Amino acid sequence: MTLKFYNTLTKGKEIFTPLYEGRINMYVCGPTVYDHPHIGHAKSYVSFDVIVRYLRYLGYNVRYIQNITDVGHLTDNADEGEDKILKRAQRDHVEPAELVEIYTRSYFEDMDALNNVRPTISPRATAHIPEQIELVEDLLGKGYAYVSNGSVYFEVQKFKEYGKLSGRRQEELEAGARVEINPEKRHPSDFALWKRAEPGHIMRWKSPWGEGFPGWHLECSAMSMKYLGPTLDIHGGGLENIFPHHECEIAQSEAATGKPFVRYWLHNNMVTVNGQKMGKSLGNFITLKDAFQKYRPLTVRFFILNTHYRSPLDFSNEALDAADKGLERLHNTIKHLRERLLFPKDGTTPSTLYEKLDNHKKAFMGAMDEDINTSDAIGTLFDLSKEVNTLLNSGEEISKKCLEDINAFYQQLGGDILGIIPKTFESQQIGETDVLKDVMDILIDTRSELRKAKQWQLSDFIRTKLSEIGIALDDKPTGTVWKKTR
RNA sequence: GGCGGCAUCGCCAAGUGGACUAAGGCAACGGUUUGCAAAACCGUCAUCCUGGGUUCGAAUCCCAGUGCCGCCUCCA
C-alpha cells in the first residue's frame with residue numbers, strides 16, 4: 001500500500017515520499033477574508049482537511065499552514081482594479097482590521113462546523129510584512145526584480161522556468177490580450193512584488209521603496225518559507241490559482257532560494273451551482289451559513305467527500321437531499337451499534353468478523369492511497385454497514401468486544417480520517433432536551449398502552465402528528481424509540 | 001485567440017488497458033419483517049456521448065466529431 005498523489009507539476013500520479021522522514025510540510029492557500037465563506041471554500045478546505053487527517057493517520061507529523069489573506073489585493077498586476085477589503089470596509093464604515101476580524105472569525109466558525117481540523121498555524125499576511133519586504137529585497141539583490149516608480153516588479157523573463165506549472169509559455173502570454181499594458185513594467189507578464197500606495201489607500205506600510213503594500217502572490221511565498229523552509233512537501237489550493245498565482249509563487253520563491261519550492265502540487269476542482277460556475281464576482285455564491293440553514297454541516301461535508309477532490313462538484317438541492325439520506329443511513333448503523341453498547345451482554349463474536357473488518361480496511365486504505373479517492377472509500381463504509389446491520393438484526397447476542405471493535409473501526413476510518421462520523425450523536429446528548437425527553441417518555445408510554453389495547457387509530461394519530469412536527473417514532477421489537485428528523 | 005478538463009444507470013458518483021456481464025449513494029419495483037408504518041435485510045434495475053483506429057483484449061489508449069466546463073482579470 002503506497003500513497004499516491006496527482007501532482008499538477010508533473011501531470012501524473014506519483015508515489016508520495018516526504019522530504020524529511022516522518023514529517024510533512026504542507027501549505028494550502030487560505031481565504032481572503034472580506035466576506036462569509038461559501039461552499040467553494042468548503043470543498044477546498046474539506047478536501048485538504050481529509051488529506052491532512054489521512055497523512056496523520058498514516059503516522060506522519062504534519063505541519064499544516066493555511067494563510068489568512070487580510071490585505072486586499074488589486075485585481076491584477078497593473079494599477080487597475082479595486083481592493084476588495086478596502087471597498088468593503090468603506091461600504092460598512094469599519095476599519096479594514098475590523099472587517100478582516102469579523103470574517104476571519106466567520107471563516108473559522110464555518111470550518112469548525114464542517115469538522116475541519118484547525119491548521120497548525122494560520123498566519124496573517126499583515127503580520128508578515130517584514131518577511132515579505134525581505135523577500136523582495138532578496139529578489140532585487142539577485143537581479144530578478146526591478147523598482148519602477150515606487151513599485152517593485154518581478155522580471156519574468158529572468159526566470160527561465162516560468163510557466164512550468166501551468167503549461168504556459170512566455171510567448172503565448174504576450175498575446176494575452178486581457179492584460180492591460182502597464183508602462184511601469186518592462187514586460188506585460190511581469191508581476192508586482194510590491195505596490196506603491198496611492199494617496200487614498202488606507203492599508204499601507206513603510207518600505208525601502210516608499211509606502212505601499214505587498215503584491216498578491218508574495219505572502220504565500222514569504223509565509224510558507226518562514227514556517228516550512230525553502231522546499232514544501234505539499235502545496236494545495238484551488239484549480240483557478242494555478243495561473244497566475246501558483247506560477248508566480250514558484251518564480252519568486254525559487255528565484256530567491258535556488259531550490260525547488262514545492263514537491264507535490266495538489267489542486268482541487270471547483271464548485272458549480274446548477275451547472276454554472278460559482279464565483280465571488282458572479283455573485284451567485286452560496287454561503288455556508290445559508291447552506292447550514294437547510295443542511296447539516298456534516299451533510300455538506302459528506303456531499304463534498306462523495307466526489308473526488310479533483311472532480312468538479314455541482315451543488316443542487318436534489319444532490320444534497322440524496323447525500324443527507326445516505327449519510328443518515330450510515331449514521332443509523334453506528335447509532336444502533338452504540339445503543340447496543342450501552343447495555344452490552346455476553347455473546348458471541350462472529351468468526352469471520354476480523355477477516356471482514358480487515359478486508360474493508362484494506363479496501364478503504366487502498367482507495368485513500370489512490371490520490372485520496374474518498375468516494376470509493378465511502379463506498380467501502382456502506383458495504384460494511386450492510387454487514388453490520390445484518391449482524392445487529394440477527395437477533396443473536398453479540399459480545400461487547402465485538403461491538404467495540406466495530407465501533408472503533410468506524411471511529412477511525414469514518415471519524416478520524418473522513419470526519420463524517422461524530423463522536424456522539426445529538427439524540428445521545430443530554431442537556432436542554434431533558435424536558436422534551438420526559439414528555440416523549442410520557443407520550444410513548446401512553447401510546448404503548450394504546451397499542452396493547454389495539455387502539456391503532458389513536459396510536460397512529462400520535463405517530464402522524466409527531467411526524468408532522470419533526471419527530472419520528474420507531475416501533476422496534478424492544479420498544480419504541482424516537483428521534484428528531486429536522 | 002492560447003492552454004486545460006470533462007462526457008459512465010432516472011439522478012449523484014467511483015472505475016483510466018484484462019478479476020467490468022462497471023463500486024457506492026439517492027430514487028423505483030418485488031419480497032422478508034411490522035397491527036400498519038419506519039428502520040433494516042434480500043432481490044431486480046447500465047456495456048460506459050458519436051464515428052473510426054490501436055490491441056489477443058478498451059469505459060479505460062489514439063484520431064475525428066458533438067456537447068459541456070474551467071483558466072488566460074480578484075476568486076477555493
Side-chain angles (χ1 to χ4, degrees), chain A residues 11 13 28-32 34-35 37-48 72-78 80-84 163 166-169 171-173 175-180 216 236-245 267-272 275-282 285 302-303 306-308 310-314 316 318-330 332-333 335-336 363 367 370 373-383 385-387 389-390 392-394 451 454 456 459-460 463-464 467 472-477 480-481 483:
Chain A
K11 300 200 187 343
K13 273 190 202 172
V28 171
C29 283
T32 302
Y34 70 93
D35 206 342
H38 53 69
I39 52 181
H41 292 105
K43 175 166 167 70
S44 185
Y45 300 123
V46 166
S47 299
F48 288 110
H73 294 299
L74 299 187
T75 53
D76 71 29
N77 298 332
E80 311 297 325
E82 48 197 5
D83 178 322
K84 305 254 178 192
S166 57
R168 270 161 236 253
R169 279 164 296 173
E171 312 85 68
E172 288 162 359
L173 292 171
R178 294 221 254 168
V179 179
E180 294 208 13
W216 72 281
L239 212 55
E240 83 287 357
N241 278 328
I242 293 174
F243 189 89
H245 187 50
H267 290 97
N268 66 277
N269 216 311
M270 314 297 282
V271 172
T272 54
Q276 251 212 327
K277 172 190 156 79
M278 186 184 78
K280 285 188 179 174
S281 45
L282 293 178
F285 64 88
F302 175 77
F303 172 67
N306 215 8
T307 303
H308 188 90
R310 282 193 296 111
S311 298
L313 179 70
D314 190 45
S316 68
E318 297 72 38
L320 262 293
D321 286 338
D324 188 61
K325 285 178 184 158
L327 180 65
E328 188 63 24
R329 207 158 83 78
L330 202 57
N332 276 339
T333 301
K335 281 181 191 167
H336 293 151
E370 279 300 317
N373 191 336
T374 50
S375 181
D376 202 4
I378 286 171
T380 69
L381 292 187
F382 276 100
D383 288 338
S385 219
K386 218 168 238 186
E387 293 180 32
N389 285 333
T390 302
L392 292 176
N393 288 338
S394 67
R451 292 181 69 223
K454 297 198 190 297
W456 307 126
S459 64
D460 287 354
R463 186 171 62 191
T464 309
S467 160
L473 290 189
D474 181 7
D475 297 324
K476 293 181 173 189
T480 300
V481 296
K483 66 176 178 188

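Since the structure is predicted, the reported quantities are computational estimates derived from the model, not experimental observations. Chain letters run A, B, ... following the sequence lines, proteins first and then strands; every chain starts at 1.
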Residues passing the ring-ring contact (aromatic ring centres under 6.0 Å, His included) test with F48(A), sequence neighbours excluded, are none

Applying ring-ring contact (aromatic ring centres under 6.0 Å, His included) to H245(A) and not counting sequence neighbours gives W216(A), H217(A)

Checking [X] now: which residues fulfil salt bridge (Lys or Arg N to Asp or Glu O under 4.0 Å) with it, not counting sequence neighbours?
X       : result
D475(A) : R447(A), R451(A), R463(A)
K476(A) : E339(A)
E328(A) : R296(A), K335(A), K483(A)
K325(A) : none

Between protein and nucleotides 25-29 of chain B, what N or O pairs are separated by less than 3.5 Å?
unit_1	atom_1	unit_2	atom_2	d
G25(B)	OP1	R329(A)	NH2	2.7
C26(B)	OP1	R329(A)	NE	3.1

So which nucleotide does [N] pair with, by the Watson-Crick or G-U wobble rule with both distances under 3.5 Å?
N      : value
C26(B) : G10(B)
C20(B) : none
C49(B) : G65(B)
A40(B) : U32(B)
G1(B)  : C72(B)

For T390(A), the side-chain contact (heavy atoms from CB on, under 4.5 Å) test, sequence neighbours excluded, returns none

Scan nucleotides 35-38 of chain B against the protein and return all N/O pairs shorter than 3.5 Å with their distances rounded to 0.1 Å.
unit_1	atom_1	unit_2	atom_2	d
G35(B)	N7	R451(A)	NH2	3.4
G35(B)	O6	R451(A)	NE	3.1
G35(B)	N1	D460(A)	OD1	3.0
G35(B)	N2	D460(A)	OD2	2.7
C36(B)	O2	R463(A)	NH2	2.6
C36(B)	N3	R463(A)	NH1	2.9
C36(B)	N3	R463(A)	NH2	3.0
C36(B)	N4	R463(A)	NH1	3.4
C36(B)	N4	D475(A)	OD2	3.4
A37(B)	N6	D475(A)	O	2.6
A37(B)	N1	D475(A)	N	3.0
A37(B)	N3	R463(A)	NH1	2.9
A38(B)	N3	D474(A)	OD1	2.6

Would you call the rings of H41(A) and Y45(A) parallel, tilted or perpendicular, taking 30° and 60° as the class edges? parallel

Between S166(A) and N332(A), whichever has its closest RNA chain B nucleotide further toward 5' is S166(A)

